Amino acid sequence: MSVNKEVKRITTHILQEMKNRGEKIAMLTAYDYSMAAIVDNAGMDIILVGDSASNVMAGHETTLPITLDQMIYHASSVVRAAKRALVVVDLPFGSYQGNSKEALSSAIRIMKESGAHAVKLEGGVEIAESISRILTAGIPVMGHLGLTPQSIYKFGTYTVRAKEEAEATKLKEDALKLQELGCFGVVLEKIPAKLAKQVTESLIIPTIGIGAGQNCDGQVLVVHDMLGINKGFKPRFLRQYSNLFDVMNDAIQTYVGDVKAKSFPNEKEGY
Ligand code: KIV
């Protein structure tokens with residue numbers, strides 16, 4: 001399907017209209033200006049400045065170490081490149097769990113200092129007060145349920161969540177709560193496809209899945225994973241659209257060879 005590049009800027013209202021008419025929503029991460037420019041130009045609906053920057057950009061094992069200042073740095077670079085996509089930024093671990101005042105001040109810093117369009121928080125009913133307070137300030141909020149990587153040390157593993165009935169029931173209640181509070185959408189990460197379908201059908205607002213099957217209203221992936229820049233990461237839900245690690249490695253090896261062989265630069269490549 002071709003992308004409507006006439007749309008000036010995707011808004012939360014446009015995303016709702018997309019769900020209403022059954023048009024799927026495309027979302028990818030980006031963390032820097034150059035990648036965001038490519039992602040935006042390709043017709044992305046939402047660019048997520050995910051706290052996965054902690055893994056992908058900084059090489060940490062988890063998303064926990066990244067700071068609010070670092071997220072703002074990544075987000076402002078992405079915002080400068082995004083002409084069409086809605087830019088959503090993760091509130092990092094430790095910047096909203098304390099209390100709703102802290103959550104609001106973190107969200108305000110992101111919006112004010114990066115120019116982003118919305119924030120995303122992990123969790124359900126436990127963070128309802130914080131979500132409410134952020135929404136009251138006029139900041140659009142996206143929820144995130146299922147495998148919430150900021151809780152990795154509680155879960156102990158990155159395996160599929162909500163396979164058991166009790167956790168699935170809580171997830172359904174959390175999703176309805178996020179909608180009732182006024183979230184414009186919710187990410188469902190690594191949950192059974194059947195459960196994601198039930199949640200998607202029970203909500204008016206869009207669901208965006210990652211490892212959550214075909215029936216979500218949209219899909220999100222980490223851009224470095226789907227481009228094959230992260231060579232080792234190959235979970236079942238990931239479709240790898242390119243093999244940029246090898247493509248880039250070949251180009252860089254050729255450059256090294258050319259420098260060593262004194263064939264770069266040639267006469268025409270100088271002044
Ligand atoms: O940080 C991130 O990249 C995310 C997506 C995996 C949804 O939250």
Side-chain angles (χ1 to χ4, degrees), residues 12 27 29 46 48-55 62-68 71 75 88-111 116 118-137 139-192 195-196 198-200 202-203 205-212 216-218 220 222:
T12 58
M27 171 163 159
T29 63
I46 307 175
L48 173 65
V49 185
D51 59 357
S52 50
S54 179
N55 313 92
T62 73
T63 58
L64 274 64
I66 200 161
T67 65
L68 185 57
M71 288 302 295
V88 179
V89 182
D90 269 337
L91 283 191
F93 179 69
S95 73
Y96 64 98
Q97 289 90 348
N99 55 60
S100 63
K101 191 170 170 221
E102 177 192 58
L104 175 61
S105 91
S106 301
I108 287 178
R109 277 203 62 203
I110 286 182
M111 300 297 283
V119 296
K120 175 164 83 59
L121 285 74
E122 295 184 4
V125 65
E126 311 77 20
I127 54 162
E129 193 187 315
S130 296
I131 291 177
S132 239
R133 205 154 168 180
I134 296 171
L135 285 163
T136 308
I139 300 171
V141 175
M142 178 170 241
H144 185 157
L145 299 172
L147 176 62
T148 45
Q150 291 178 14
S151 302
I152 186 57
Y153 291 114
K154 182 176 87 180
F155 298 146
T157 153
Y158 285 102
T159 193
V160 180
R161 301 305 312 173
K163 286 207 280 199
E164 307 302 328
E165 199 170 329
E167 196 176 330
T169 303
K170 170 152 179 10
L171 190 144
K172 287 185 208 170
E173 289 166 4
D174 280 342
L176 286 169
K177 184 71 185 174
L178 293 177
Q179 169 169 282
E180 185 193 313
L181 290 169
C183 290
F184 70 89
V186 52
V187 167
L188 299 176
E189 180 163 355
K190 249 186 154 181
I191 61 170
L195 174 61
Q198 286 168 357
V199 172
T200 300
S202 76
L203 295 183
I205 58 171
T207 60
I208 310 288
I210 172 163
C216 293
D217 300 304
V220 57
V222 168

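Only this structure's heavy atoms are used, side chains among them; waters, hydrogens and symmetry mates stay out. Keep in mind the model is a prediction, meaning the values are calculated, not measured.
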CG (Leu104) and CD (Glu129) are apart, to the nearest 0.5 Å, by 11.0 Å
Does any non-hydrogen side-chain atom of Met27 lie less than 4.5 Å from one of Val187?
yes
Test item: Ser105 and Ile108 side chains (from C-beta on) under 4.5 Å apart, heavy atoms:
no
Is the backbone of Ile210 close enough, under 3.5 Å, to the side chain of Lys190 for a donor and an acceptor to pair up by distance?
no
Give me the atom names and distance for the closest heavy-atom approach of Phe184 to Pro206.
O-CD, 3.2 Å
side-chain contact (heavy atoms from CB on, under 4.5 Å), paired with Leu188, selected from Leu147, Thr207, Ile208:
Thr207
Check for a donor-acceptor pair, side chain of Asn99 on one end and backbone N or O of Lys101 on the other, with a separation under 3.5 Å.
yes
List the steps, then state whether side-chain contact (heavy atoms from CB on, under 4.5 Å) holds for Thr62 with Phe93.
CA-CA 10 Å; Thr62 73; Phe93 179 69; over 6 Å; no
side-chain contact (heavy atoms from CB on, under 4.5 Å) between Asp51 and Glu122, worked out
CA-CA 11 Å; Asp51 59 357; Glu122 295 184 4; 4.0 Å; yes
Does Glu126 reach the main-chain N or O of Gly124 with its side chain, forming a donor-acceptor pair under 3.5 Å?
yes
Between Gln150 and Tyr96, does any side-chain donor sit less than 3.5 Å from a side-chain acceptor?
yes
Quick one: closest heavy-atom pair of Ile66 and Ala53, and the distance?
CD1-CB, 3.7 Å
Any chance you could measure Met142, atom CE, to Leu121, atom CG, to the nearest 0.5 Å?
12.0 Å
Exam field: side chain Glu102 to backbone Gly98, donor-acceptor pair closer than 3.5 Å
yes
Between Ser202 (side chain only) and Val199 (backbone N and O only), is there a donor and an acceptor less than 3.5 Å apart?
yes
Under a 4.5 Å cut-off applied to non-hydrogen side-chain atoms, are Val186 and Leu203 in contact?
yes
For Ile205, is there any backbone N or O sitting under 3.5 Å from a side-chain donor or acceptor partner on Gln179?
yes
As a quick check of understanding, evaluate side-chain contact (heavy atoms from CB on, under 4.5 Å) for Glu180 and Leu176, giving each step before the final call.
CA-CA 6 Å; Glu180 185 193 313; Leu176 286 169; 5.9 Å; no
Restricting to non-hydrogen atoms, name the atom on Gly123 and the atom on Leu178 that form the minimum distance, rounded to 0.1 Å.
O-CD2, 3.8 Å
Ionic contact status for Lys170 with Glu167, cut-off 4.0 Å:
no
Met111 and Pro140 have their tightest heavy-atom pair at CE-CD, 4.3 Å
Below 4.5 Å, heavy atoms only, C-beta onward: do Val141 and Lys120 meet side chain to side chain?
no
Give the minimum heavy-atom separation between Cys216 and Ala196, together with the two atoms involved.
SG-CB, 3.9 Å
Can you name the side-chain hydrogen bond (donor to acceptor under 3.5 Å, both in side chains) partners of Lys172, sequence neighbours left out?
Gln198
Distance check, rounded to the nearest 0.5 Å: Cys183 atom SG versus Leu145 atom CG?
9.0 Å
dist Ile134:CD1 -> Leu91:CG (nearest 0.5 Å) comes out at 5.5 Å
When rounded to the nearest 0.5 angstrom, what is the spacing between CD in Glu173 and CG in Leu171?
10.0 Å
What closest approach, in Å, do Gly50 and Asp90 show between heavy atoms, and which atom pair accounts for it?
CA-OD2, 3.2 Å
Mind running side-chain contact (heavy atoms from CB on, under 4.5 Å) on Val49 and Met71 for me, showing each step along the way?
CA-CA 8 Å; Val49 185; Met71 288 302 295; 4.1 Å; yes
When rounded to the nearest 0.5 angstrom, what distance separates OG in Ser151 from CZ in Arg161?
9.0 Å
With heavy-atom distances below 4.5 Å as the criterion, would you say the side chains of Pro92 and Thr67 are in contact?
no
